[in-house]
Novice: 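The structure's right below; bear with me while I get my questions together.
In this text the structure is predicted, and so the values were computed from the model without any measurement.
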Amino acid sequence: MGKSASKQFNNEVLKAQNEYCQQHGVPPLKLSKKLNREAQPYPEALTSTRIRKHSPESSRCQCGENLAWASYHQTGKEEADRWYRHFTAMVWKNTKKMGVGKASASDGSSFVVAR
């Protein structure tokens, strides 16, 4: 298991996420420590399987989930920008909180999960 998401990384994701929300008249999200804790184990598991596959719905408490993989270190803004291509996965008016998990593999690649 590799390095986990830092507070700075999570805040970068949140800031970029909220910039997109603002563009579309959607209230800003807040980071949830609980959702961060729940999200973190999954990218750690993905670093060992190397398969970018959504977690079972039963394991994520009915939360939506965005995944990302890169062969290099990813910034939080890069992740949010990439997820914005899937607009409906990011901009939901009823969503209030989000959590982020990140893990880096021994080869420098990284997986990110947002819920």
Side-chain angles (χ1 to χ4, degrees):
M1 284 185 236
K3 185 178 175 187
S4 63
S6 69
K7 188 174 183 178
Q8 178 183 344
F9 179 84
N10 290 356
N11 285 326
E12 288 174 3
V13 173
L14 179 68
K15 180 181 178 193
Q17 166 78 31
N18 283 337
E19 288 172 0
Y20 286 119
C21 288
Q22 183 179 17
Q23 289 177 21
H24 299 283
V26 175
L29 301 179
K30 293 182 180 178
L31 277 175
S32 163
K33 289 180 182 179
K34 179 179 185 261
L35 288 174
N36 287 343
R37 279 191 310 272
E38 291 173 359
Q40 185 57 46
Y42 197 58
E44 291 172 1
L46 293 174
T47 63
S48 61
T49 66
R50 304 283 198 196
I51 299 171
R52 191 175 62 176
K53 175 182 163 187
H54 285 284
S55 63
E57 285 187 45
S58 60
S59 72
R60 52 184 143 112
C61 305
Q62 300 179 330
C63 289
E65 183 175 73
N66 284 333
L67 303 177
W69 171 85
S71 60
Y72 56 90
H73 168 74
Q74 307 165 80
T75 68
K77 179 164 177 19
E78 287 174 317
E79 289 316 317
D81 290 349
R82 202 172 300 148
W83 289 328
Y84 186 61
R85 296 174 196 169
H86 305 284
F87 177 82
T88 58
M90 284 187 69
V91 183
W92 287 91
K93 288 185 179 182
N94 292 332
T95 301
K96 308 291 183 221
K97 300 175 187 174
M98 72 178 296
V100 181
K102 179 180 179 182
S104 299
S106 58
D107 66 359
S109 65
S110 60
F111 285 88
V112 179
V113 173
R115 292 186 178 163

Novice: To the nearest 0.5 Å, what is the distance between CD (Glu57) and SG (Cys63)?
Specialist: 10.5 Å

Novice: Roughly how far apart are Ser59 OG and His54 NE2, rounded to 0.5 Å?
Specialist: 11.5 Å

Novice: Taking atom CZ of Phe111 and atom OH of Tyr42, what is their separation to the nearest 0.5 Å?
Specialist: 9.5 Å

Novice: Rounded to the nearest 0.5 Å, how far does OG1 of Thr75 lie from CD of Gln8?
Specialist: 10.0 Å

Novice: Asn18 side chain to Leu29 main-chain N or O, any donor-acceptor pair under 3.5 Å?
Specialist: yes

Novice: Is a side-chain donor-acceptor pair under 3.5 Å present for Glu19 with Gln23?
Specialist: no

Novice: Can you measure from CH2 (Trp69) to OG (Ser110) and round to the nearest 0.5 angstrom?
Specialist: 9.0 Å

Novice: Write down the atom of Val13, the atom of Gly76, and the distance for their closest heavy-atom approach.
Specialist: CG2-CA, 3.4 Å

Novice: For Gly101 and Ala39, work out which heavy atoms get closest and say how close.
Specialist: N-CB, 3.8 Å

Novice: Quick test of your reading of the model: are Arg115 and Glu65 salt-bridged, counting only N-O distances below 4.0 Å?
Specialist: yes

Novice: The criterion is side-chain contact (heavy atoms from CB on, under 4.5 Å); which residues satisfy it with Lys33, sequence neighbours excluded?
Specialist: Arg37

Novice: Can you tell me how far the CG atom of Leu31 sits from the CG atom of Leu14, to the nearest 0.5 Å?
Specialist: 4.5 Å

Novice: Assess whether side-chain contact (heavy atoms from CB on, under 4.5 Å) is satisfied between Val100 and Gln17, documenting all intermediate values.
Specialist: CA-CA 12 Å; Val100 181; Gln17 166 78 31; over 6 Å; no

Novice: Hey, are the side chains of Glu78 and Val112 touching, using non-hydrogen atoms and a 4.5 Å cut-off?
Specialist: no

Novice: In terms of hydrophobic clusters joined by side-chain contacts under 4.5 Å, are Leu67 and Met98 together?
Specialist: no

Novice: Is there a side-chain contact between His73 and Lys102, using heavy atoms and a 4.5 Å cut-off?
Specialist: yes

Novice: Determine the interplanar angle of the Tyr20 and Tyr84 rings, folded into 0 to 90°, and report it as parallel if under 30°, tilted if 30 to 60°, perpendicular if over 60°.
Specialist: parallel

Novice: Should Asp81 and Lys77 count as side-chain neighbours, where that means a heavy-atom distance under 4.5 Å?
Specialist: yes

Novice: Mind checking what makes side-chain contact (heavy atoms from CB on, under 4.5 Å) contact with Ser32, not counting sequence neighbours?
Specialist: Lys34, Leu35, Lys97

Novice: Are the side chain of Arg60 and the backbone of Ser55 linked by a donor-acceptor contact shorter than 3.5 Å?
Specialist: yes

